Amino acid sequence: MSDTSTSSVSPREIAQFDKLAAQWWDPRGPMRPLHEMNPLRTKWVNDRLAPLRAARGSDRLSLLDIGCGAGLASEAFAKFGHNVLGLDAAPDAIKAAQRHLSEHPLTESAGTLEYRNGSAEELVSEGKKFDAVTALEVIEHVTDPQAFLQLLASLTKPGGMIAVSTMNRTLRSLAVAKIGAEYIARLLPIGTHDWKKFIKPEELSQMGRSAGLRMIDTAGMNYIPMQWRITRDTSINYIAIFARD
């Protein structure tokens with residue numbers, strides 16, 4: 001949930017997620033919504049990487065998980081068989097990710113998994129590129145979403161894919177994802193989200209086009225008791241995948 005770009009994320013955002021590092025892997029703790037949503041979102045992304053796996057002639061893609069936090073999605077993608085680098089600017093979150101991996105090693109059938117504390121700009125300056133890049137629940141925390149998408153594009157190999165999940169800026173998301181989740185149900189710490197920074201799907205699509213990306217699929221992610229499900233309703237949480245031609 002915390003971003004990796006030191007130029008686009010405020011120190012306050014990084015510090016906020018660092019405070020949660022010790023509780024990140026507690027399925028009943030403050031990251032409970034991510035734990036419940038994680039199998040849905042990672043499977044959705046992995047399913048849409050199938051054409052890329054076919055094009056590359058391999059089931060094992062190089063995958064960068066930006067804003068990986070303590071590694072919920074990173075571990076899932078590695079278990080799908082990909083070679084994953086989890087990147088985050090929050091040092092305590094990365095330490096929590098590394099600790100969890102050391103205590104729960106991946107099986108031999110999994111891909112590789114490494115973590116790094118740093119920024120996306122550092123990877124760009126090193127010339128790093130990946131078959132796939134994911135930024136799940138990250139873009140609503142950055143100060144410049146357009147520049148962030150351009151960073152993602154710069155880190156993606158030609159023909160690669162980028163997955164982004166975020167929240168729609170609607171009255172419903174204000175009521176449910178901000179006021180309801182933070183102030184009423186207390187599912188998230190107060191101040192986790194700034195509703196004004198939520199992004200409408202059409203805005204995200206336009207930002208993608210400006211970064212040289214083509215949005216090829218979107219879906220809503222909705223909590224329908226007692227589980228998260230993929231739906232056509234993008235009014236609150238949604239996920240999108242882009243192609244870098």
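Just so we're clear, the structure is a prediction, and the values are computed from it rather than from any experiment. What you see below is based on every heavy atom in this structure, not just the backbone, and it leaves out hydrogens, waters and symmetry mates.
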- Query: Is the closest basic N to carboxylate O distance between Asp26 and Arg28 below 4.0 Å?
  - Reply: no
- Message: What verdict does the side chain to side chain contact (heavy atoms under 4.5 Å, CB included) test give for Leu64 and Val84, after you've listed the backbone C-alpha separation in whole Å, the side-chain angles of each residue and the deciding distance to 0.1 Å?
- Response: CA-CA 6 Å; Leu64 171 65; Val84 179; over 6 Å; no
- Between Trp195 and Arg169, is any pair of side-chain heavy atoms under 4.5 Å apart? yes
- Under 6.0 Å from the CD atom of Glu114, do we count more than 12 heavy atoms belonging to anything else shown? no
- Item | Contact list for residues 227-241, test salt bridge (charged side-chain N to carboxylate O under 4.0 Å, His left out), sequence neighbours left out | Arg172-Asp233
- Any residue meeting side chain to side chain donor-acceptor pair (under 3.5 Å) with Asn38, in chain and number order, not counting sequence neighbours: Arg41
- Check: Ile239 main-chain N/O paired with Thr218 side-chain donor or acceptor under 3.5 Å: no
Acceptor/donor pairs from residues 69-79 side chains to any protein atom, 3.5 angstrom cut, sequence neighbours excluded:
from, atom 1, to, atom 2, distance (Å)
Ser74, OG, Asp65, OD2, 2.7
Glu75, OE2, His100, ND1, 2.7

- Message: The criterion is salt bridge (Lys or Arg N to Asp or Glu O under 4.0 Å); which residues satisfy it with Arg116, sequence neighbours excluded?
- Response: Glu122, Glu126
- Does the pair Asn168 and Ile236 meet the rule for a side chain to side chain contact (heavy atoms under 4.5 Å, CB included), with working shown? CA-CA 5 Å; Asn168 199 344; Ile236 303 178; over 6 Å; no
- Message: Could you tell me if the side chain of Met207 sits less than 4.5 Å from the side chain of Phe148, heavy atoms only?
- Response: no
- Task: For Arg214, check salt bridge (Lys or Arg N to Asp or Glu O under 4.0 Å) against everything at least two apart and list the hits.
- Result: Asp245
- Query: Listed by chain and number, what are the salt bridge (Lys or Arg N to Asp or Glu O under 4.0 Å) partners of Asp217, not counting sequence neighbours?
  - Reply: Arg48
- Item | Crowding at NZ, Lys200 (>12 non-hydrogen neighbours, <6.0 Å) | yes
- Item | Under the side chain to side chain donor-acceptor pair (under 3.5 Å) test, residues paired with Lys128 that sit two or more places apart | none
- Message: Hydrogens and angles aside, do Asn83 and Ser62 bring a side-chain donor and acceptor to less than 3.5 Å of each other?
- Response: no
- Message: Using side-chain heavy atoms (C-beta onward) and a distance below 4.5 Å, is Thr134 in contact with Ile66?
- Response: no
- Are the side chains of Leu151 and Val124 in touch, meaning some heavy atoms are under 4.5 Å apart? yes
- Just jot down the side chain to side chain donor-acceptor pair (under 3.5 Å) partners of Ser58, sequence neighbours excluded, or say none. none
- Item | Note, Leu204 side chain near Tyr238 side chain (heavy atom, < 4.5 Å) | yes
If you look only at distance, which donor and acceptor atoms sit under 3.5 Å apart when one is on a side chain in residues 152-164 and the other is two or more places apart or in another chain?
from, atom 1, to, atom 2, distance (Å)
Ser154, OG, Gln150, O, 3.0
Thr156, OG1, Leu152, O, 2.7

- ring pair (Phe, Tyr, Trp, His ring centres under 6.0 Å) contacts in which one or both residues fall within residues 212-233, not counting sequence neighbours: Tyr223-Trp228
- side-chain contact (heavy atoms from CB on, under 4.5 Å) partners of Gln23, counting only residues at least two apart: Leu20, Pro30
- Item | Worked verdict on Leu101 versus Leu113 for side chain to side chain contact (heavy atoms under 4.5 Å, CB included) | CA-CA 9 Å; Leu101 180 60; Leu113 176 56; 3.9 Å; yes
- Task: Run the numbers on Asp144 and Val142 for side chain to side chain contact (heavy atoms under 4.5 Å, CB included), then give the verdict.
- Result: CA-CA 6 Å; Asp144 189 341; Val142 307; 5.7 Å; no
- Message: Exactly one of Arg53, Arg56, Arg244 should register a salt bridge (charged side-chain N to carboxylate O under 4.0 Å, His left out) with Asp131. Which one does?
- Response: Arg56
- Task: Evaluate whether atom CG of Leu171 has more than 12 neighbouring non-hydrogen atoms of other residues, nucleotides or ligands under 6.0 angstrom away.
- Result: no
- Contacts of type side chain to side chain donor-acceptor pair (under 3.5 Å), residue Ser205, not counting sequence neighbours: Arg209
- Between His82 and Asn46, is any side-chain donor less than 3.5 angstrom from a side-chain acceptor? yes
- Kindly say whether Thr231 contributes a backbone atom to a donor-acceptor pair with the side chain of Asn222 at under 3.5 angstrom? no
